[in-house]
Amino acid sequence: METNYITLTKENIADEHICCAFSDKKCKDSYELKKAWLKKEFDNGYVFRRIDERAKVFIEYGPAEKAWVPVSAPNYLMINCFWVSGKYNGKALLQSAIDDAKLQGKDGLVTVVGTSKFHFMSDTKWLLRQGFQTIEKLPYGFSLLALKINPAAPDPSFNDSVLTGECPDRDGIVVYYTHRCPFTEFHVRGSLVNAAKSKDLPLKIIELETMEQAQNAPTPATIFTLFYNGKFVTTDLSVCIEARLGKALGL
């Protein structure tokens, strides 16, 4: 049976779901913030393509120069979220991005992943099996992968802001996040605030509101990253829940 896919646009996004959180009523406001973010990014060549079903099967990508990620990759497409759940196969979605890259004359595709699997990031092992190669690794667990269309193209690289795994603020919990995910606003501004208060921990929340801010962030995971006393801890949004926060911080 043929699988149908939908590419979202400013014209159809109001009537189409964006896969994540479509049945999670408590995250309704966060969900709408993600849609608003997408509508702005469509003007920068951003693509959100999903299966034509109520399932979490989708890919997001756009020009790397316009990506909300601290990576230098001129003339590449940056894959952001790429999620394939259940019985589905991601090869057709990935091929659609490769085809777009070729059509646009791009040198290849690039993406940030966990060297070992990180939460809210693509499946590293699967992408390597599809022909991606590891270009750069950071000592605190991130890898930069690329699938080159032009073998002679320069390698992409992480920006200097992410090389140390540390953030400027050294006191307590510091979180960086964006509206690239329909769960972040709800959990960061609600669950995490309550959890930090219950444990009497200082908390600073930094919303990356522009592409330039995201490209200069101290983390490659601009959807959500939590630091503690200046050190990288996790990209796992579930750490916002009180029962998981103490364990993640070693408290």
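Throughout, numbering of the chain's residues begins at 1 and tracks the sequence.
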Trace of the side-chain contact (heavy atoms from CB on, under 4.5 Å) decision for V162 with Y140: CA-CA 10 Å; V162 304; Y140 56 106; 3.6 Å; yes
Set of residues satisfying salt bridge (Lys or Arg N to Asp or Glu O under 4.0 Å) with respect to K10, sequence neighbours excluded: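 By the salt bridge (Lys or Arg N to Asp or Glu O under 4.0 Å) rule, K10 matches D43.
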Joint hydrophobic cluster, [X] plus [Y], side-chain heavy atoms closer than 4.5 Å:
X: L138; Y: V110; answer: yes
X: L77; Y: F42; answer: no
X: L8; Y: L93; answer: no
X: I6; Y: Y31; answer: yes
X: L127; Y: I135; answer: no

Looking only at non-hydrogen atoms, find the nearest pair between [X] and [Y] and report the distance.
X: A214; Y: T222; value: O-CG2, 3.8 Å
X: A146; Y: P156; value: CB-CG, 4.1 Å
X: R54; Y: H17; value: CA-NE2, 3.7 Å

Rounded distance [0.5 Å steps], [atom1] in [X] versus [atom2] in [Y]:
X: R129; Y: T124; atom1: CZ; atom2: OG1; result: 10.5 Å
X: N216; Y: M211; atom1: CG; atom2: CE; result: 10.5 Å
X: I18; Y: I13; atom1: CD1; atom2: CD1; result: 6.0 Å
X: S122; Y: L94; atom1: OG; atom2: CG; result: 9.5 Å
X: H179; Y: E32; atom1: NE2; atom2: CD; result: 12.5 Å
X: N75; Y: K106; atom1: CG; atom2: NZ; result: 5.0 Å

The criterion is side-chain contact (heavy atoms from CB on, under 4.5 Å); which residues satisfy it with [X], sequence neighbours excluded?
X: N44; value: E41, K66
X: T225; value: T219, A221, F227, F232, T235
X: T210; value: E212, Q213
X: A97; value: I59, Y61, L109

For the [atom1] atom on [X], are there more than 12 heavy atoms of other groups (residues, nucleotides or ligands in this structure) within a distance under 6.0 Å?
X: K39; atom1: NZ; value: no
X: D200; atom1: CG; value: no
X: K117; atom1: NZ; value: yes
X: E207; atom1: CD; value: yes

side-chain hydrogen bond (donor to acceptor under 3.5 Å, both in side chains) against S191, all qualifying residues, sequence neighbours excluded: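 Only H187 meet the side-chain hydrogen bond (donor to acceptor under 3.5 Å, both in side chains) criterion with S191.
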Listing, residues 239-251 side-chain donor-acceptor contacts under 3.5 Å, not counting sequence neighbours, or none:
{"from": "E242", "atom 1": "OE2", "to": "S198", "atom 2": "OG", "distance (Å)": "3.1"}
{"from": "R244", "atom 1": "NH1", "to": "S238", "atom 2": "OG", "distance (Å)": "2.8"}

Qualifying salt bridge (Lys or Arg N to Asp or Glu O under 4.0 Å) pairs with a residue from residues 137-162, counting only residues at least two apart or across chains: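 Found K148-D155.
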Pair listing, salt bridge (Lys or Arg N to Asp or Glu O under 4.0 Å) test, anchored in residues 96-105, at least two apart: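 Those involving residues 96-105 are R49-D100.
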ring-ring contact (aromatic ring centres under 6.0 Å, His included) between W68 and Y46, intermediate numbers included: CA-CA 11 Å; W68 286 47; Y46 200 79; 9.5 Å; no
Are the side chains of [Y] and [X] in contact, using a 4.5 Å heavy-atom criterion?
X: T184; Y: T178; result: no
X: K34; Y: C181; result: no
X: L147; Y: L145; result: no
X: E185; Y: Y177; result: yes
X: V193; Y: I205; result: yes
X: V233; Y: L226; result: yes
X: V175; Y: I206; result: no
X: P220; Y: F118; result: no

When you measure from the side chain of [X] to the backbone of [Y], do you find a donor-acceptor pair of N or O atoms at a distance under 3.5 Å?
X: N159; Y: S161; answer: no
X: T111; Y: I79; answer: yes
X: Q215; Y: A67; answer: yes
X: T134; Y: E136; answer: no
X: N194; Y: G190; answer: yes

List, one per line, each side-chain donor-acceptor pair under 3.5 Å for residues 163-172, sequence neighbours excluded.
{"from": "T164", "atom 1": "OG1", "to": "E166", "atom 2": "N", "distance (Å)": "3.2"}
{"from": "E166", "atom 1": "OE1", "to": "R170", "atom 2": "NH1", "distance (Å)": "3.4"}
{"from": "E166", "atom 1": "OE1", "to": "R170", "atom 2": "NH2", "distance (Å)": "3.0"}
{"from": "E166", "atom 1": "OE2", "to": "K231", "atom 2": "NZ", "distance (Å)": "2.4"}
{"from": "D169", "atom 1": "OD1", "to": "K204", "atom 2": "NZ", "distance (Å)": "3.1"}
{"from": "D169", "atom 1": "OD2", "to": "K204", "atom 2": "NZ", "distance (Å)": "3.4"}

Sequence neighbours excluded - ring-ring contact (aromatic ring centres under 6.0 Å, His included) pairs with any residue from residues 70-117: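 ring-ring contact (aromatic ring centres under 6.0 Å, His included) check on residues 70-117 returns F82-W126.
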Polar contact flag, side-chain donor to acceptor under 3.5 angstrom, D52-N4: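 No, no side-chain donor-acceptor pair sits under 3.5 Å.
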With F132 via ring-ring contact (aromatic ring centres under 6.0 Å, His included) - residues at least two apart: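 Partners of F132 under the ring-ring contact (aromatic ring centres under 6.0 Å, His included) test: none.
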Of L208, N80, L38, L33, the residue whose pairing with R180 passes side-chain contact (heavy atoms from CB on, under 4.5 Å):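 Output: one option passes, namely N80.
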Aromatic ring proximity F58/F48, centre distance under 6.0 Å: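 So the answer is yes for these two rings.
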Test side-chain contact (heavy atoms from CB on, under 4.5 Å) applied to F183 and F224, step by step: CA-CA 10 Å; F183 294 103; F224 171 85; over 6 Å; no
